[in-house]
Amino acid sequence: MNVHDSEKIAGILTAKNYELAYNPNEADLIIFNTCSIRQKAEQKFYSQLGKLKILKKKNPKLKIAVAGCIAQQEGDNLIKKVPYVDHVLGPQNLEFFNNIFEEKEKILALEENPHLQYLELPIKRIDKVKAFVNIMYGCDNFCSYCIVPFTRGRERSRPSSAIIKEVKQLSEQGFKEVILLGQNVNSYKSQYDFPGLLRELNRVGENIKRIRFVTSHPKDFSLDLIHAIRDLDKVCEHIHLPLQSGSDKILELMNRKYSFKEYMKKIEILKKEIPNIAITSDIISGFPQETEEDHKQTINALREIEFDGIFAFKFSKRRGTKASQMEGHIAEEVKSERLSEILKIQDEITERKNKELEGTIQEILIEGFSEKSADQLTGRTRTNKIFVSQKSNKILPGDIVKALIIKGNKHSIFGNFLI
Ligand code: 5AD
Ligand code: SF4
């Protein structure tokens, strides 16, 4: 979501003929588009911001803007704490970037924007193969640990017609994949509901070959959506369905509104209806009051479900959230130990699942050249697994090719093109 917001900020400024600087020393304006989902993201921002003090001294004309969720959360406190910050713009107020160079005073743009879903901002995309498309903004779920409903505001669905129009344009521009973005895409409601929107999008834009979406909330994950993934050729066989914990007690404390059994039931239907589905998830370790027994239930859940991959995090106290006020916070070392165990077990499962693909033929969308070696191409399977192969003269980013999988590793699969 943040990466895409950055594309919008860059879109606004390049539409006004400003250029991206590739070195902070050359910039007239430095923008931090911040994330505050966990403490670590916040720390990274403050340490980067600290480094700019000298630059600002050397070049008093340099302006510094802070956007994103830390901006929203801290507001004018940020300017009080760090006086060389010039502008503070929350994630619902990106259009204020339109006047950022003309504005003589410090901009403080933090209002809840009830019309955000109707705002169509220019976008400068960083990728040429796949494109992010917002379908909703904000979140109403108030999971007890989460800052998002406070920073991104109430849930608002973007009109279906605007989404369909954007996807058509992306197709005309040659994009191959769209990634629909929302905090909880399953509660999308406009002219269509979410499965209805997928059905419409599946019909538009002949260049678009793949449709993905993030994130689904298990409580709203419906049979209708399972059928849409099963039946629509462009919708990829991958679902990111954050479980967060395997313990019902913790799920309740988290205000997730489902039990492990209910989650499992949906997974079973999903696997039955779409046998080649890849499922990934998010897990939080060390939520307040999490006992060894609760943690074991999470470990058992990982073993039982066998996700294709997970993102796992230590619980991080976020100011203003319910969980930050709860009793029974867990010691940092215990959180770390539990996280290591979670990651170790999941790594084994992920590697095993990747190995199971050895000898199979997969459809790969080539995304670009490998960061590790210019001799290698990288891409993804429909199930969102990272694929690596030796470069071939006949294959370019954006191509969709069949490949024979030779080796499954922990974080990627390696194969040969079948051409
Ligand atoms: N601490 C740890 N992890 C968090 N997440 C959200 N808020 C927190 C927090 N306070 C994780 C959840 C969510 C993912 C995007 O980030 O697992 O699904
Ligand atoms: Fe945060 Fe929960 Fe909303 Fe996801 S669904 S953004 S975890 S409050």
Side-chain angles (χ1 to χ4, degrees), residues 1-5 34-44 68-70 72-73 91-92 116 134-157 179-189 194 213-221 239-247 250-258 260 263 279-290 294-295 298 301-302 305 307 309-326 328-332 334-336 338-340 342-343 346:
M1 195 70 79
N2 257 37
V3 169
H4 190 43
D5 280 354
T34 61
C35 171
S36 62
I37 193 95
R38 285 172 294 272
Q39 179 104 35
K40 209 163 154 192
E42 246 187 279
Q43 277 162 351
K44 274 193 204 163
C69 288
I70 299 178
Q72 187 65 37
Q73 217 183 316
Q92 302 176 56
L116 191 59
N134 278 120
I135 67 162
M136 341 172 46
Y137 303 94
C139 183
D140 284 348
N141 285 313
F142 288 94
C143 300
S144 65
Y145 49 81
C146 186
I147 195 75
V148 170
F150 301 95
T151 54
R152 289 194 177 267
R154 299 288 56 74
E155 182 179 290
R156 286 146 286 179
S157 293
I179 305 171
L180 309 176
L181 296 178
Q183 307 297 343
N184 177 13
V185 293
N186 303 122
S187 59
Y188 176 81
K189 199 129 205 52
F194 186 58
F213 54 89
V214 277
T215 291
S216 298
H217 194 305
K219 79 176 160 63
D220 303 314
F221 189 66
I239 180 98
H240 186 66
L241 201 60
L243 170 65
Q244 313 295 4
S245 170
S247 150
I250 298 296
L251 288 172
E252 172 115 40
L253 286 169
M254 286 176 165
N255 192 29
R256 289 291 287 177
K257 303 191 177 88
Y258 54 83
F260 177 63
Y263 183 95
I279 309 168
T280 55
S281 201
D282 293 341
I283 300 285
I284 298 178
S285 83
F287 189 83
Q289 298 172 39
E290 184 189 75
D294 296 317
H295 169 64
T298 300
L302 296 179
I305 299 167
F307 290 117
I310 60 164
F311 298 105
F313 320 96
K314 283 192 275 181
F315 168 74
S316 172
K317 218 177 187 177
R318 304 288 70 207
R319 195 154 27 90
T321 61
K322 267 211 170 120
S324 69
Q325 308 292 330
M326 283 177 188
H329 281 263
I330 307 296
E332 238 6 76
V334 178
K335 282 191 222 172
S336 300
R338 289 180 186 170
L339 179 65
S340 306
I342 286 168
L343 291 174
Q346 182 57 45

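As the structure is a computational prediction, the values presented were derived from the model and not from experiment. The residues of the chain are indexed from 1 along the displayed sequence. Counting convention: from 1, in listed order, for ligands and their atoms alike.
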query = Are Gln244 and Tyr145 linked by a side-chain donor-acceptor pair shorter than 3.5 Å?
reply = yes
inquiry  = Salt bridge or not between Lys257 and Glu252? Use side-chain N to carboxylate O under 4.0 Å.
reply    = no
task = Write out the residue and atom name of the closest protein heavy atom to atom 14 (C) of ligand 1, then the distance separating them to 0.1 Å.
result = Asp282 OD2, 3.4 Å
note = protein heavy-atom neighbour closest to atom 7 (N) of ligand 1 works out as Tyr145 CD1, 3.3 Å
Member of Gln73, Glu42, Gln72 meeting the side chain to side chain donor-acceptor pair (under 3.5 Å) criterion with Ser36 = Gln73
request  = Examine the proximity of ligand 1 to Ile284 and report which part, side chain or backbone, both or neither, has a heavy atom under 4.0 Å away.
outcome  = side chain
key: ring-ring contact (aromatic ring centres under 6.0 Å, His included) assessment of His240 paired with Phe213   = CA-CA 8 Å; His240 186 66; Phe213 54 89; over 10 Å; no
query = What are the protein N/O/S atoms, named by residue and atom, that sit under 2.8 Å from atom 3 (Fe) of ligand 2?
reply = Cys139 SG
message = I need the nearest protein heavy-atom contact for atom 7 (S) of ligand 2: residue, atom name and distance, please.
response = Tyr145 OH, 3.4 Å
key: side-chain hydrogen bond (donor to acceptor under 3.5 Å, both in side chains) between Ser316 and Lys40, intermediate numbers included   = CA-CA 9 Å; Ser316 172; Lys40 209 163 154 192; over 6 Å; no
inquiry  = Checking the side chain of Thr151 only, and the main-chain atoms of Cys69 only, is there a donor and an acceptor separated by less than 3.5 Å?
reply    = no
inquiry  = Using a 4.0 Å cut-off to any heavy atom of Phe315, which atoms of ligand 1 qualify?
reply    = 1 (N), 2 (C)
inquiry  = Using a 4.0 Å cut-off to any heavy atom of Arg38, which atoms of ligand 1 qualify?
reply    = 1 (N), 2 (C), 3 (N), 4 (C), 5 (N), 11 (C), 16 (O)
Ser187 OG to Lys219 NZ distance, which is reported to the nearest 0.5 Å = 6.0 Å
request  = Only heavy atoms count here, so choose which of Lys314, Lys335, Met1, Gln244 is nearest to atom 2 (C) of ligand 1.
outcome  = Lys314
query = Does the distance from a Lys or Arg side-chain N to an Asp or Glu carboxylate O, for Glu290 and Lys335, drop under 4.0 Å?
reply = no
query = Near Phe313, which atoms of ligand 1 are under 4.0 Å from a heavy atom of that residue?
reply = 3 (N), 11 (C), 14 (C), 16 (O), 17 (O)
inquiry  = Run Arg152 and Tyr137 through side-chain contact (heavy atoms from CB on, under 4.5 Å) and show every step you take.
reply    = CA-CA 7 Å; Arg152 289 194 177 267; Tyr137 303 94; 5.9 Å; no
remark   = The closest protein heavy-atom partner of atom 10 (N) of ligand 1 is Ser316 O, 2.8 Å
key: Nitrogen or oxygen atoms of Arg318 and ligand 1 under 3.5 Å apart   = no
ask   = Side chain of Ser216, backbone of Phe221: donor and acceptor closer than 3.5 Å?
value = no
ask   = Rounded to the nearest 0.5 Å, how far apart are OG1 of Thr280 and CD1 of Ile310?
value = 10.0 Å
